[in-house]
Amino acid sequence: MTDNETRIARKGRATALVIAGTAALWVVATFIGRQAGLGQRELALFDLMALAGFIWAFVLIYQIWRARQSNQR
């Protein structure tokens with residue numbers, strides 16, 4: 001594997017961890033927040049943080065896609 005392919009693979013694993021970690025933390029935070037009796041405004045903060053994590057994952061996916069496109073040329 002070339003150095004560029006290794007970088008792409010590493011970024012892919014990081015992206016998978018971001019997606020899985022964001023989803024897991026979002027579920028746990030929502031569950032604990034409801035058990036603690038937090039209001040809708042506080043729970044919405046968890047939703048916004050999860051949304052930011054997923055947007056970051058989409059940015060990483062786009063970067064991987066662009067790297068593979070330039071790698072094919």
Side-chain angles (χ1 to χ4, degrees):
M1 233 180 356
T2 65
D3 190 38
N4 193 28
E5 290 172 347
T6 304
R7 237 179 290 132
I8 291 172
R10 187 175 300 130
K11 190 171 263 194
R13 286 189 297 271
T15 304
L17 287 174
V18 167
I19 292 170
T22 299
L25 288 174
W26 183 31
V27 169
V28 169
T30 302
F31 177 76
I32 291 173
R34 287 193 181 168
Q35 295 297 319
L38 294 178
Q40 290 298 316
R41 295 182 92 178
E42 290 86 8
L43 291 174
L45 180 62
F46 295 138
D47 293 341
L48 289 175
M49 289 189 298
L51 182 62
F54 288 127
I55 289 172
W56 182 33
F58 282 125
V59 168
L60 291 175
I61 290 169
Y62 178 75
Q63 290 174 353
I64 292 169
W65 178 72
R66 293 293 296 164
R68 286 188 178 181
Q69 292 294 319
S70 66
N71 202 19
Q72 291 177 357
R73 292 180 187 170

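None of the values given here were measured: they were computed from a predicted structure. This chain uses plain numbering: 1 for the first residue, then up along the sequence.
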Participant: Rounded to the nearest 0.5 Å, how far does CZ of Arg68 lie from CD of Gln63?
Facilitator: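 Going from the CD atom of Gln63 to the CZ atom of Arg68 covers 13.5 Å.
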
Participant: To which residues is Ile64 joined in a hydrophobic cluster, defined by side-chain heavy-atom contacts under 4.5 Å among Ile, Leu, Val, Met, Phe, Trp and Tyr, whether direct or through other members?
Facilitator: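 Members besides Ile64, by chain and number: Ile8.
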
Participant: Please tabulate, for side-chain N and O atoms in residues 52-60, each donor-acceptor pair with protein atoms closer than 3.5 Å (sequence neighbours left out).
Facilitator:
none

Participant: For residues 12-32, which side-chain N or O atoms pair as donor and acceptor with protein atoms under 3.5 Å away, sequence neighbours left out?
Facilitator:
{"unit_1": "Thr15", "atom_1": "OG1", "unit_2": "Lys11", "atom_2": "O", "d": "2.8"}
{"unit_1": "Thr22", "atom_1": "OG1", "unit_2": "Val18", "atom_2": "O", "d": "2.7"}
{"unit_1": "Trp26", "atom_1": "NE1", "unit_2": "Asp47", "atom_2": "OD1", "d": "2.7"}
{"unit_1": "Thr30", "atom_1": "OG1", "unit_2": "Trp26", "atom_2": "O", "d": "2.8"}

Participant: Within the 4.5 Å heavy-atom criterion, are Arg41 and Leu45 side-chain neighbours or not?
Facilitator: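 Of all side-chain heavy-atom pairs linking Leu45 with Arg41, none is under 4.5 Å.
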
Participant: Quick one: hydrophobic cluster around Tyr62, which other residues, with the 4.5 Å side-chain cut-off, linked directly or via members?
Facilitator: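 Besides Tyr62, the cluster holds Trp65.
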
Participant: Return the set of residues passing side-chain contact (heavy atoms from CB on, under 4.5 Å) with Glu42 (not counting sequence neighbours), or none when no residue passes.
Facilitator: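 By the side-chain contact (heavy atoms from CB on, under 4.5 Å) rule, Glu42 matches Leu38.
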
Participant: To the nearest 0.5 Å, what is the distance between CZ on Arg7 and CG on Asp3?
Facilitator: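 Arg7 atom CZ to Asp3 atom CG measures 4.5 Å (nearest 0.5 Å).
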
